[in-house]
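Single-structure report; data block below.
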There are 2 protein chains.
Amino acid sequence: MSPKASPDLALRRLSVVLAAREIAESDGWPAVTMRRLAGALGATQPVLYTVFAGRQDVVDAVALSGFEELAVALEAVEVVPMERMQAYLRFATAHPRLYEAMFSMPSGLPFASDGTPGELRRAFAALREAFPDKDGTRAEVAWSALHGLATLQHGGRLRADLAQARLELTHAMLTRAEGL
Amino acid sequence: MSPKASPDLALRRLSVVLAAREIAESDGWPAVTMRRLAGALGATQPVLYTVFAGRQDVVDAVALSGFEELAVALEAVEVVPMERMQAYLRFATAHPRLYEAMFSMPSGLPFASDGTPGELRRAFAALREAFPDKDGTRAEVAWSALHGLATLQHGGRLRADLAQARLELTHAMLTRAEGL
DNA sequence: TTTCGTTGCCTAACGTCGTTATATATCAAC
DNA sequence: GTTGATATATAACGACGTTAGGCAACGAAA
């Protein structure tokens, strides 16, 4: 039934994702080419297509792993607004390219639908835990504010010396807005 | 001095920017290739390089034109937080690809430095007008919140039925946070 | 132990991209 | 009309994502 030693596909997937993350984090996403990925794995390009449909699929897999990591990072701190906010921003600044794949790049991942992956739900749930309300509006607003801070800050669009002030003001806003 | 009828370079630049915007808005940024741009202008690729250093330069020019338009859109409404917030979000949803070029794509534009273009300053000034404070922290937070809402919403990452609730909550937060 | 069928991988290629070198055509100046 | 400069077009280069086709390796059947 198995003519040739069938390789561990799960392991191969993981290797590709890890290599993609490393290359992206060091040289940027445009440097993550199928040829370079194959080279980093000591294989040839067609091998990549045995576990991924294409380059976009690789990026999506990296993004998904990022959402899992973000969820872990958020759950690791206390269920307190400021703690979770700092954990979120810490994650974004520690892995800028990963964060880029998760939010700023074209993605084939389903988000608001029923097929939304569990990793995504977990990450949002960790935020909602810290910003509870009836329908989740407050958590979505908190998330938006954090995402805006993270991206504009990383893009150099905000004054670096005001980073702490922005965080504190955002925190004050989000917590005082408890009663609607 | 002028051996051949020297073409209007400014006009050509404008034509390229307009064509790039149209193609991007209809078929997405990956469809904005130098070949297609040249075709839309009835010229050949090398002509584009007489007015733009490369593709990135074209994208940057489109982004810059977007900042100018954003500034105009913001200045067109009253200096009231809710008005300017709605104007901002209206702009982002009306020209999603343009907004993408301005914020979500790799850019060679200088932002926080002294060389920041006037179009950018104008857009931010219009926001600061509506969210005044001593050092501009509040305007930066407002901008971040709006940017987060715009991008996450456009990416389908937020519940569509809560859009109005998110806007109102964000507005309430930003306005009540007047005293620090 | 030999043969066969299946499966995994590599080489090579296709079409498209951004970008550039070379050549040709066009017009002002004399 | 000749000359010289310049604007444009043709053609190419290298790299990309992706795929087709051939070769080699291995388990099962004989």
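From a predicted model like this one, the values you see are computed outputs, not experimental measurements. All chains are named by letter (A, B, ...) in the order of the sequence lines, taking the proteins before the strands, and each is independently numbered beginning at 1.
Note: the hydrophobic cluster containing A:M82 also contains A:L127 (ILVMFWY, side chain heavy atoms under 4.5 Å, direct or indirect links).
Among residues two or more places apart in sequence or in another chain, the side chain to side chain contact (heavy atoms under 4.5 Å, CB included) test is passed with B:S144 by A:L149, A:L152, A:L158. Considering only residues two or more places apart in sequence or on other chains, A:P110 meets the side chain to side chain contact (heavy atoms under 4.5 Å, CB included) condition with A:S113, A:P117. For A:E75, the salt bridge (charged side-chain N to carboxylate O under 4.0 Å, His left out) criterion is met by A:R122, not counting sequence neighbours. Partners of B:T50 according to the side-chain hydrogen bond (donor to acceptor under 3.5 Å, both in side chains) rule, which considers only residues two or more places apart in sequence or in another chain, are B:R12.
OP1 or OP2 of C:dG8 has not a single side-chain nitrogen or oxygen of A:R12 nearer than 4.0 Å.
Axis orientation changes by 20° from one end of the helix from C:dT1-D:dA30 to C:dC30-D:dG1 to the other, with each end axis drawn from 5 pairs and the value rounded to 10°.
Against DNA chain C, the stretch residues 42-52 of chain B makes heavy-atom approaches under 4.0 Å through B:Q45, B:P46, B:Y49. For the contact set between residues 53-60 of chain B and DNA chain C, defined by any heavy atom under 4.0 Å, the members are B:G54, B:R55. Residues from residues 19-36 of chain B lying near DNA chain C, meaning a heavy-atom separation below 4.0 Å, are B:V32, B:T33, B:M34, B:R35 in numerical order.
Applying the ring pair (Phe, Tyr, Trp, His ring centres under 6.0 Å) definition to pairs two or more places apart or across chains, those involving residues 27-76 of chain A are A:F67-A:F103. Residue pairs meeting the ring pair (Phe, Tyr, Trp, His ring centres under 6.0 Å) criterion with at least one member in residues 108-129 of chain B, sequence neighbours excluded: B:F124-B:W143.
Other members of a hydrophobic cluster containing A:V79 are absent, since no ILVMFWY side chain comes under 4.5 Å of it, directly or through relayed contacts.
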Exercise answer: donor-acceptor pairs, residues 30-39 of chain A side-chain atoms, under 3.5 Å, sequence neighbours excluded:
| unit_1 | atom_1 | unit_2 | atom_2 | d |
| --- | --- | --- | --- | --- |
| A:T33 | OG1 | A:R36 | N | 3.0 |
| A:R36 | NH1 | A:D27 | OD2 | 3.0 |
| A:R36 | NH2 | A:D27 | OD2 | 2.9 |

